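What follows is a set of notes on a single structure, which appears directly below.
A note on names: the letters A, B, ... follow the listed sequences, proteins ahead of strands, and every chain is numbered from 1. Quantities reported herein were computed from a predicted structural model and do not represent experimental measurements.
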Amino acid sequence: MIAMVDCNSFYASCEQVFRPDLWGKPVVVLSNNDGCIIAANKEAKQLTHIPMFEAVFKIKHILIENKVTFFSSNYTLYGEMSQRVMHILETFSPSVEVYSIDEAFLDVHGFTYVDLRAYGTDIKERIYRYTGLPVGVGIAPTKVLAKLANRMSKKLPEYNHVCVLDTDAKRLAALEWADIGDIWGIGSKHRKRLQAIGVFKAIDFVKLPLAWVRKEMTIVGERIWKELQGTPCIEFMEIPNPKKAIGTAKSFGQKLPDLGRIEEACAYYITEVAEVLRAQKSCATYIHVALYTNYHSTIDKQYSNRTTITLPIPTHDTFTLITHARKALHQIYKSGYRYKKVAVNLTGLIPQSHVQGNLFEKPTKTTDTKLMQTLDVLNRKFGKTTVSSAMIGTRVKEWELVKKERSPRYTTQWRELLAIGVMG
DNA sequence: TCTGGGGTCCTAGGACCC
DNA sequence: TCTGGGGTCCTAGGACCC
């Protein structure tokens, strides 16, 4: 059996933990640049005219009319709250797969003498008591079914956020209940195609011939089909695989026509991704750089382009990566446009211990990590970009993200700790 | 004026190898 | 008339996840 634990409206809940005055009131969290809504709590979701991912400027009046509190995203806070939840989960099972910032699978096979419903309730209550975050728990024989159980735990009040599918009768009842689009791995495209042939419920889906599913939905669909029947096909991954690509593609806070400014942003993004690359002890073989104008705009001229550079020797050296990224940027930049986004991506990631040199250069030259190690230590201790390449510039970062309504980083900054007022 | 970001996996097709 | 067979690697595009 597998348990699936998922935090309710995670980002919004994190904000509410530190704001008791907002308990029971509608709260939403905005994307980078405060562009659209990416999370909403139960109360905000009940206001049906707040669609997810809608542009904020279009519905700001609705938010204000309904007294919805909105926050810029505060990933420092959410990341740290997530770690607290994951640490608690590790006390419940020797084997935990952290699936995303707010979800984890727990391996509970062999828990023969454990009452799984009581176990799930214990998880839910302990997390709430220790962190203030509400979660749902679904327990079932496969991951896809555990995901479904988790959904039922939240949607059907009688479960009270803990649902166990431990018999075939319960499994079939769950398949009768679930809409096809509710199934993990079936997105909007497949949902529409399935509905077109009369498949509306999960139970209809498992009645389809496997050959059809395989042909129309590839092996991905086949796995979902089998998992819904109770046959595990999706591996439990306690130790995450190393990343195959590390990239960043953030929109600028404002549109930038000037190559110099874009170079600074590009160097900054490379600095960020190179740090992640080194943390994983990998080196990159390829750098992809892409440049975009604002495709939503009807008044700006549109242009976008991308290019890939193959490094002579794979590296994780920030300075080498910046040099090549800059070359790539120069290849695709055209003047006369107002740019909105630059994207950098590192791929062809290999372990740093496996870097091959070429005829003219030894690999040690590009993976001599002492300088980079020192840089990482300093920046970790004294703050991001305490020491960095001059390419990121010293001017005001015009490209920086807009975050007008960010809450304090309550759990990671001494100066932003929650202050409790004393009456009288 | 203003519209997110970071990933994964799978398949088909092209280029190439022997 | 009629043109092999077995394989790898890479990329683009599609679909999905949170």
Side-chain angles (χ1 to χ4, degrees), chain A residues 4-11 28-39 51-61 63 70 72-75 78-79 82 97-105 143-144 147 150-151 180-194 213-224 233-235 237 240-255 269 272-273 276-277 280 285-286 288 290 292-300 306-308 310 338 340-349 401-405:
Chain A
M4 195 316 122
V5 182
D6 178 318
C7 302
N8 306 347
S9 320
F10 181 58
Y11 294 173
V28 298
V29 177
L30 311 182
S31 68
N32 278 338
N33 284 322
D34 297 343
C36 62
I37 294 175
I38 57 169
M52 219 51 128
F53 298 102
E54 181 62 278
V56 171
F57 75 92
K58 285 188 187 165
I59 55 159
K60 199 150 194 175
H61 62 283
L63 298 179
F70 48 95
S72 303
S73 35
N74 184 348
Y75 291 105
Y78 311 149
S82 169
E97 173 186 339
V98 178
Y99 178 69
S100 76
I101 193 162
D102 73 328
E103 286 172 62
F105 291 102
K143 281 185 165 181
V144 174
K147 268 283 212 183
N150 184 287
R151 186 179 182 83
I180 186 63
D182 292 343
I183 301 302
W184 186 44
I186 297 189
S188 65
K189 293 279 160 65
H190 284 318
R191 174 175 51 85
K192 280 180 195 139
R193 288 179 59 203
L194 288 164
V213 174
R214 170 76 210 220
K215 184 160 172 285
E216 299 296 323
M217 298 173 67
T218 77
I219 194 160
V220 181
E222 179 172 341
R223 286 190 194 127
I224 296 168
C233 300
I234 302 173
E235 217 185 323
M237 286 211 296
N241 290 333
K243 286 192 173 70
K244 295 175 176 175
I246 299 172
T248 188
K250 290 188 271 272
S251 300
F252 306 135
Q254 52 185 293
K255 292 177 194 161
Y269 295 164
E272 283 186 332
V273 292
V276 179
L277 185 67
Q280 165 175 312
T285 314
Y286 310 103
H288 310 267
Y292 307 88
T293 50
N294 182 1
Y295 60 91
H296 291 290
S297 172
T298 48
I299 50 169
D300 283 313
R306 65 190 65 213
T307 190
T308 300
T310 307
R338 304 204 303 153
K340 184 62 181 170
K341 189 196 280 192
V342 67
V344 300
N345 230 307
L346 304 178
T347 63
L349 308 188
L401 303 170
V402 176
K403 280 181 188 278
K404 287 202 183 120
E405 306 290 341

Q: Give the rounded distance in Å between these two atoms: CD1 of A:I299 and C1' of B:dT1.
A: 8 Å
Q: Could you tell me the separation between the CD1 atom of A:I224 and the CD1 atom of A:I183, rounded to the nearest 0.5 Å?
A: 8.5 Å
Q.
Checking A:D34 now: which residues fulfil side-chain hydrogen bond (donor to acceptor under 3.5 Å, both in side chains) with it, not counting sequence neighbours?
A. A:S72
Q | Under the side-chain contact (heavy atoms from CB on, under 4.5 Å) test, residues paired with A:N33 that sit two or more places apart | A | A:S251, A:L401, A:V402
Q) If you measure from CE on A:M217 to CZ on A:R223, what distance do you get to the nearest 0.5 Å? A) 12.5 Å
Q: List for me each residue that meets ring-ring contact (aromatic ring centres under 6.0 Å, His included) alongside A:Y292, sequence neighbours excluded, and say none if there are none.
A: none
Q) Which value, rounded to the nearest 0.5 Å, describes the distance between A:K143 atom NZ and A:M4 atom CE? A) 8.5 Å
**Q.** Whole-Å distance separating the CD atom of A:Q280 from the C1' atom of B:dT8
**A.** 14 Å
(Q) Test of understanding: with side-chain contact (heavy atoms from CB on, under 4.5 Å), list the residues that count as partners of A:K243, not counting sequence neighbours. (A) A:I246, A:Q280
Q) Of all residues at least two apart in sequence or in a different chain, which pass the side-chain contact (heavy atoms from CB on, under 4.5 Å) check with A:T248? A) A:K250, A:Y269, A:E272, A:V273, A:V344
Q: Take atom CZ of A:R223 and atom C1' of B:dT8, then tell me their distance rounded to the nearest Å.
A: 12 Å
Q. Nearest 0.5 Å, what's the CZ-NZ distance between A:F70 and A:K60?
A. 4.5 Å
Q: Please state how far atom NZ in A:K147 lies from atom P in C:dC16, giving the value in whole angstrom units.
A: 15 Å
Q: Whole angstrom is fine here: how far is it from NZ in A:K404 over to P in B:dC2?
A: 12 Å
(Q) Can you list everything that forms a side-chain contact (heavy atoms from CB on, under 4.5 Å) with A:Y286? Sequence neighbours excluded, please. (A) A:H288, A:T308, A:T310, A:T347
(Q) Please report the distance, rounded to the nearest Å, between CD in A:E216 and P in B:dC10. (A) 18 Å
(Q) A:Y11: which residues meet the ring-ring contact (aromatic ring centres under 6.0 Å, His included) condition with it, sequence neighbours left out? (A) A:Y75, A:Y78
Q) To the nearest angstrom, how far is A:N150 atom CG from C:dC18 atom C1'? A) 13 Å
Q: Could you list by number each residue of residues 182-193 of chain A showing a heavy-atom separation from DNA chain B of less than 4.0 Å, or answer none if no residue does?
A: none
Q) Among pairs that include at least one residue of residues 213-222 of chain A, which meet salt bridge (charged side-chain N to carboxylate O under 4.0 Å, His left out), considering only residues two or more places apart or in two chains? A) A:R193-A:E216, A:R214-A:E222, A:E222-A:K226
**Q.** Dot-bracket encoding of pairs in DNA chain B, which uses [ ] for pseudoknotted crossings and | for another strand, Watson-Crick or G-U under 3.5 angstrom
**A.** ....||||||||||||||
Using nucleotides 11-13 of chain C, report all nitrogen or oxygen pairs with the protein that are shorter than 3.5 Å.
none

Q. Under 4.0 angstrom, heavy atoms only, what part of the nucleic acid is A:E103 near: base, sugar-phosphate, or nothing?
A. sugar-phosphate
Q: Of all the heavy-atom pairs spanning A:S82 and A:I101, show the shortest one and how long it is.
A: OG-O, 2.6 Å
Q: Measure the CG-CG distance between A:L277 and A:L349 for me, rounded to the nearest 0.5 Å.
A: 6.0 Å
Q.
Rounded to whole Å, please give me the gap between CD in A:E97 and P in B:dT8.
A. 14 Å
Q) Start at the 5' end of DNA chain B and walk down; is the nucleotide closest to A:D300 or to A:P242 reached first? A) A:D300
(Q) Once you apply a heavy-atom cut-off of 4.0 Å, does A:R338 come out as touching a base, just sugar-phosphate, or nothing? (A) nothing
Mind listing the N/O atom pairs, protein and nucleotides 3-7 of chain B, below 3.5 Å?
| unit_1 | atom_1 | unit_2 | atom_2 | d |
| --- | --- | --- | --- | --- |
| B:dT3 | OP1 | A:K340 | NZ | 3.2 |
| B:dT3 | OP2 | A:N294 | ND2 | 3.3 |
| B:dG4 | O4' | A:S31 | OG | 3.1 |
| B:dG5 | OP1 | A:S251 | N | 2.4 |
| B:dG5 | OP2 | A:S251 | OG | 3.1 |
| B:dG6 | OP1 | A:T248 | OG1 | 2.4 |
| B:dG6 | OP2 | A:A249 | N | 2.4 |
| B:dG7 | OP2 | A:G247 | N | 2.9 |
| B:dG7 | OP2 | A:G247 | O | 3.2 |

